[in-house]
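Right, one structure below, let's go through it.
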Amino acid sequence: MIENSIWGTIGSLLVTYNYEDEEGLKEFRKGLDKALNESAVQRVIVIVSIPKGVDKKSLSPHFLIYYNGSGDYGLFGGLKDHQLVQELKQSFDALICFGVLNKNLKTTLRQTEIAKKILVNSELTEDTTYALELNSASDSPSEVIQFVVETLQKIDAHEPQL
């Protein structure tokens with residue numbers, strides 16, 4: 001690990017991922033676990049956005065993952081999951097968003113203190129709070145994670161644009 005790189009300076013990490021199917025989620029978890037085992041990250045929270053029609057109780061539980069769907073928000077857009085609300089009150093060194101953030105989650109995350117925000121394989125955004133927008137040619141979740149980590153290891157954490 002390159003300690004002066006962005007990846008080497010992340011101690012707390014917030015990750016968002018869009019659920020497509022169980023196999024993709026398993027591959028994402030394996031790739032993320034591998035990357036985290038070789039990192040300086042000490043605290044991580046993963047928010048997996050699930051589409052309508054997917055019962056989050058049927059998904060494999062994991063102590064780092066919060067499954068998040070449209071039913072997890074109140075009438076005025078407030079997050080109902082009190083445990084996740086408490087987690088998001090803490091600050092994070094980095095946010096890595098894999099895919100497109102849903103509107104409610106994006107609004108919720110605006111209230112969280114995050115030092116660096118990184119979009120991966122997302123639509124281009126006019127939100128200027130994101131330091132980087134990365135695009136991987138691969139559709140494999142584990143390969144995308146590896147691409148992100150390798151890219152963040154190449155970028156000096158003290159570069160002015162970040």
Side-chain angles (χ1 to χ4, degrees), residues 6-7 10-33 35-36 41 43-145 147-149 151-152 155 161-162:
I6 290 177
W7 185 248
I10 296 174
S12 57
L13 177 64
L14 178 59
V15 177
T16 66
Y17 177 76
N18 294 321
Y19 178 88
E20 291 182 18
D21 57 39
E22 189 68 28
E23 192 60 39
L25 180 59
K26 285 179 185 177
E27 187 181 342
F28 178 79
R29 284 177 38 189
K30 283 181 186 177
L32 186 60
D33 286 345
L36 292 173
V41 176
R43 182 172 56 94
V44 64
I45 300 297
V46 180
I47 301 173
V48 175
S49 295
I50 56 173
K52 285 184 181 181
V54 174
D55 180 12
K56 63 181 170 181
K57 293 176 186 169
S58 70
L59 301 174
S60 303
H62 192 279
F63 69 100
L64 297 176
I65 294 178
Y66 289 89
Y67 294 107
N68 185 268
S70 57
D72 291 310
Y73 296 91
L75 182 62
F76 299 106
L79 187 59
K80 293 181 190 177
D81 184 333
H82 298 293
Q83 188 173 355
L84 181 54
V85 167
Q86 291 305 311
E87 294 278 9
L88 295 176
K89 285 183 179 179
Q90 299 180 58
S91 62
F92 292 88
D93 295 327
L95 164 67
I96 302 178
C97 298
F98 290 89
V100 178
L101 276 176
N102 73 45
K103 181 179 146 185
N104 287 330
L105 183 54
K106 186 184 287 190
T107 300
T108 299
L109 293 180
R110 282 192 188 122
Q111 299 166 15
T112 302
E113 184 182 330
I114 302 166
K116 291 180 179 65
K117 296 180 181 180
I118 301 160
L119 286 173
V120 181
N121 291 353
S122 184
E123 59 194 28
L124 294 177
T125 179
E126 294 178 16
D127 187 342
T128 58
T129 62
Y130 288 89
L132 291 170
E133 291 185 19
L134 304 175
N135 289 299
S136 170
S138 177
D139 289 331
S140 163
S142 61
E143 289 178 13
V144 173
I145 291 170
F147 163 75
V148 170
V149 169
T151 302
L152 295 179
I155 301 173
Q161 73 269 18
L162 302 174

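FYI, side chains are in, hydrogens and waters are out, and symmetry mates aren't considered; it's all heavy atoms of this structure.
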Item to check | Trace of the side chain to side chain contact (heavy atoms under 4.5 Å, CB included) decision for Phe92 with Ile10 | outcome: CA-CA 9 Å; Phe92 292 88; Ile10 296 174; over 6 Å; no
Checklist entry - What pairs meet the salt bridge (charged side-chain N to carboxylate O under 4.0 Å, His left out) rule with one or both residues in residues 61-81, with sequence neighbours excluded? => result Lys56-Asp72
Next on the checklist: By the salt bridge (charged side-chain N to carboxylate O under 4.0 Å, His left out) test, which pairs, at least two apart or in different chains, include something from residues 44-53?
Outcome noted: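 For residues 44-53: none.
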Next on the checklist: Does Leu109 form a side chain to side chain contact (heavy atoms under 4.5 Å, CB included) with Leu14? I'd like the steps, not just the answer.
Outcome noted: CA-CA 10 Å; Leu109 293 180; Leu14 178 59; 3.6 Å; yes
With [X] via side-chain contact (heavy atoms from CB on, under 4.5 Å) - residues at least two apart:
| X | result |
| --- | --- |
| Thr151 | Leu134, Phe147, Ile155 |
| Asn102 | Ser49, Asn68, Asn104, Leu105 |
| Asp21 | Glu23 |

Item to check | Test side chain to side chain donor-acceptor pair (under 3.5 Å) applied to Glu22 and Ser60, step by step | outcome: CA-CA 8 Å; Glu22 189 68 28; Ser60 303; 2.9 Å; yes
Could you measure the distance from the [atom1] atom of [X] to the [atom2] atom of [Y]? Nearest 0.5 Å is fine.
| X | Y | atom1 | atom2 | result |
| --- | --- | --- | --- | --- |
| Leu25 | Tyr19 | CG | OH | 6.5 Å |
| Tyr66 | Glu87 | OH | CD | 3.5 Å |
| Cys97 | Ile47 | SG | CD1 | 9.0 Å |
| Tyr130 | Ile96 | OH | CD1 | 12.0 Å |
| Arg110 | Thr112 | CZ | OG1 | 11.5 Å |
| Phe28 | Tyr17 | CZ | OH | 6.5 Å |

Checklist entry - What heavy-atom pair brings Gly24 and Pro141 nearest, and what distance separates the two atoms? => result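 Where Gly24 meets Pro141 most closely, the heavy atoms are O-CG, 3.6 Å.
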Checklist entry - Nearest heavy-atom pair of Ile114 and Ala94: which atoms, and what distance? => result CG2-C, 3.9 Å
Just by modelled atom types, is the [Y] backbone N or O under 3.5 Å from a matching donor or acceptor in the [X] side chain?
| X | Y | value |
| --- | --- | --- |
| Ser12 | Asp93 | yes |
| Ser58 | Asp55 | yes |
| Asn18 | Ile50 | no |

Checklist outcome for this item: Of Glu27, Arg29, Lys26, the one forming a side chain to side chain donor-acceptor pair (under 3.5 Å) with Ser142 is Glu27
Checklist entry - Does the side chain to side chain contact (heavy atoms under 4.5 Å, CB included) test come out yes or no for Phe98 and Asn121, once each step is laid out? => result CA-CA 6 Å; Phe98 290 89; Asn121 291 353; over 6 Å; no
Checklist outcome for this item: Taken in chain and number order and not counting sequence neighbours, the residues that satisfy side chain to side chain donor-acceptor pair (under 3.5 Å) with Glu143 are Ser138
Checklist entry - Going through the checks in order, is the side chain to side chain contact (heavy atoms under 4.5 Å, CB included) test met by Leu13 and Leu95? => result CA-CA 6 Å; Leu13 177 64; Leu95 164 67; over 6 Å; no
Is any side-chain heavy atom of [X] less than 4.5 Å from a side-chain heavy atom of [Y]?
| X | Y | answer |
| --- | --- | --- |
| Lys89 | Gln111 | no |
| Asn135 | Leu119 | no |
| Ile45 | Leu64 | no |

